[in-house]
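Here the structure is laid out as structure tokens; the discussion comes afterwards.
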Number of protein chains: 2
Amino acid sequence: MNNSVPTRQRVLEAALNAFGTDGYAATSLDALAEQLGVRKQTILYYFPSKQALFDSVIDSAARDLVELFEQEASRGLTGIDQVEAIVRRIFRLAVSRPELLGLVREVTRPGSITVGRLSDHVGPTVDRARAFLEREMTAGRLRRSDPSMLLLSLYSTVVGVASELEVQRAMGIGPSARATVGRRTELTRFLRAALAPTDPGRAPESR
Amino acid sequence: MNNSVPTRQRVLEAALNAFGTDGYAATSLDALAEQLGVRKQTILYYFPSKQALFDSVIDSAARDLVELFEQEASRGLTGIDQVEAIVRRIFRLAVSRPELLGLVREVTRPGSITVGRLSDHVGPTVDRARAFLEREMTAGRLRRSDPSMLLLSLYSTVVGVASELEVQRAMGIGPSARATVGRRTELTRFLRAALAPTDPGRAPESR
DNA sequence: CCATCTCTCTACCATTTGGTAGAGAGATTT
DNA sequence: AAATCTCTCTACCAAATGGTAGAGAGATGG
């Protein structure tokens, strides 16, 4: 019965799944252990407490997210194309590993005390994203606006549309792969419209 | 010690607060009771189980949301102005009763089985919103796109920007009232850009 | 061959949790 | 005044939870 994947890693994966899907409080170590075909004490051998396990899950997930992001950002795209490439990537993530986005939502919950741990990891990446937006605005490839706010809008929109399956069902959008692509296509159109620089023929709106 | 507000309602309010902030699993009846200065059994007198209490909270919250929405929709605005009015209203809600949006997020979580209860309430309102978008697109006051998808994008963006305080902090946006207004202003600009009709033969730009 | 290290297990435990049973105190009705 | 109804309480309870202590088994190294 010896699996080739080391136990510690199997625990981490199962925990990410559970925390990201059901949330921290709704996940019990016993249930996790049973799902792994192992005793709870085996989990506690690798991670001294539930909170420590959660922290490790966050670290692991954050590394994955950052890597994915940096990888997609290092292809030298510019303007809306770069934004679209990342949106596309996040959607693939929402399909292949929905629990990852779920974990982000769990961590960023109002009462959470673990946010710091996540933002420690993604902070530099966020800074780079903001710098990118700023640069592209200056170059005239994106509509001018506040980069921080724009980033927040982008984040909310993309993660929301990518992961809020239940809301989508309530709005009559099926969870099929086809519908997912449709959502992404429509979202891309939405973002393009919002991000495209104002028509150079017309004077830029000042405030 | 007799409060003027009836106990049942006080329980409902405190429960909405707790469920919307910490989530269902992380909320215990004992903690709720203590916070109310009452015994757990008093709660169980009005609501036969924790799940029943949660259901009632959803019902109550859904009624509030629908009322707020319909009220804002009955003022006869059109096009982007109507969208902006509702965004404005949701932001006010995010400030005055953040737990309400938190509850929506809790209910629409992937593992949730209670989604039906919420969508039963808001279904008709969602339909009306979709019909509105469709109508305004046909009238040329909004850019043409898939109404369902647009609604989803709008929902995700607005609720996300309005309520993801922790993400905002991670992105260097303070939680002050001034920052909230800034977020709303920026979001409005973002949405106007995305929603404005493509061909501005006579694009009404009201303010 | 003995000692140590790694890993998983059994055996418990204190606390918390949602929930049951039913008593007691006012108020209201008959 | 008696009976009933409304509301909140005390007293429990079985199950689940996170966690401690330490044994056993196999591999590794001196």
Side-chain angles (χ1 to χ4, degrees), chain A residues 1-60 99 103 106-107 109 111-114 117, chain B residues 1-60 99 103 106-107 109 111-114 117:
Chain A
M1 221 24 166
N2 205 353
N3 214 321
S4 63
V5 180
T7 304
R8 196 194 132 93
Q9 194 186 327
R10 288 181 59 224
V11 171
L12 262 184
E13 286 165 6
L16 167 60
N17 219 315
F19 288 144
T21 304
D22 305 326
Y24 180 79
T27 297
S28 82
L29 295 185
D30 282 301
L32 212 52
E34 190 183 15
Q35 181 191 326
L36 285 164
V38 108
R39 298 295 159 201
K40 171 173 51 176
Q41 281 66 25
T42 301
I43 297 178
L44 288 167
Y45 169 74
Y46 292 100
F47 306 94
S49 71
K50 187 185 178 183
Q51 183 62 50
L53 171 59
F54 189 55
D55 289 347
S56 293
V57 166
I58 293 176
D59 291 344
S60 165
E99 69 279 4
L103 186 78
E106 171 74 11
V107 171
R109 153 174 304 220
S112 168
I113 42 171
T114 338
R117 202 166 187 103
Chain B
M1 205 55 166
N2 204 353
N3 216 321
S4 64
V5 180
T7 304
R8 196 195 132 92
Q9 194 187 326
R10 287 182 59 225
V11 171
L12 262 184
E13 285 165 7
L16 167 60
N17 219 316
F19 288 144
T21 304
D22 305 326
Y24 181 80
T27 298
S28 82
L29 295 184
D30 282 302
L32 211 53
E34 190 184 15
Q35 181 191 326
L36 284 164
V38 109
R39 298 296 158 198
K40 171 173 53 175
Q41 282 65 25
T42 301
I43 297 178
L44 287 168
Y45 169 76
Y46 291 99
F47 307 93
S49 69
K50 187 184 178 184
Q51 183 62 51
L53 171 59
F54 189 54
D55 289 347
S56 292
V57 166
I58 293 176
D59 291 344
S60 165
E99 68 281 3
L103 187 79
E106 171 74 11
V107 171
R109 150 174 305 212
S112 168
I113 42 172
T114 338
R117 202 165 188 104

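So that the names make sense, note that chain A is the first sequence line, chain B the second, and so on, each numbered from 1.
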Does one side chain, of B:Gln51 or B:Asp55, offer a donor that lies under 3.5 Å from an acceptor on the other? yes

Determine: side-chain N/O of A:Tyr45 to OP1/OP2 of C:dC9, distance under 4.0 Å, yes or no. no

Tell me whether the side-chain N or O atoms of A:Lys50 pair up with the base of D:dG19 as donor and acceptor below 3.5 Å, since no angle test is needed here. no

Using whole Å, report how far NZ of B:Lys40 lies from P of C:dT17. 8 Å

Using the side-chain contact (heavy atoms from CB on, under 4.5 Å) rule, take A:Phe19 and A:Lys50 through it: C-alpha gap first, then chi angles, then the decisive distance, then the call. CA-CA 11 Å; A:Phe19 288 144; A:Lys50 187 185 178 183; 4.2 Å; yes

What's A:Leu29 touching, base or sugar-phosphate or nothing? Going by heavy atoms closer than 4.0 Å. sugar-phosphate

Are B:Tyr46 and D:dT6 close enough that a side-chain N or O sits under 4.0 Å from OP1 or OP2? no

With distance as the sole test, does A:Ser112 use its side chain to make a donor-acceptor pair with the main-chain N or O of A:Val107 at under 3.5 Å? yes

Does A:Thr42 make a side-chain N or O approach to OP1 or OP2 of C:dC9 shorter than 4.0 Å? yes

Does a salt bridge link A:Arg39 with A:Glu34, judged by any charged N lying under 4.0 Å from a carboxylate O? no

Between C:dT20 (C1') and B:Arg39 (CZ): distance, integer Å: 18 Å

Tell me the interatomic distance from B:Leu44, atom CG, to D:dC12, atom P, rounded to whole angstroms. 19 Å

Interatomic distance, B:Asp30 CG vs C:dT15 C1' [rounded to whole Å]: 11 Å

Separation of D:dT8 P from B:Leu36 CG (nearest whole Å): 11 Å

What's the CZ-P distance between B:Phe47 and D:dT8, to the nearest Å? 12 Å

Please check the phosphate of C:dT16 (OP1 and OP2 only) for any side-chain N or O of B:Ser28 closer than 4.0 Å. no

From CZ of A:Arg8 over to P of C:dT6, roughly how many Å is that when rounded to an integer? 14 Å

Which value, rounded to the nearest 0.5 Å, describes the distance between B:Glu99 atom CD and B:Glu106 atom CD? 13.5 Å

Between D:dT17 (P) and A:Gln51 (CD): distance, integer Å: 17 Å

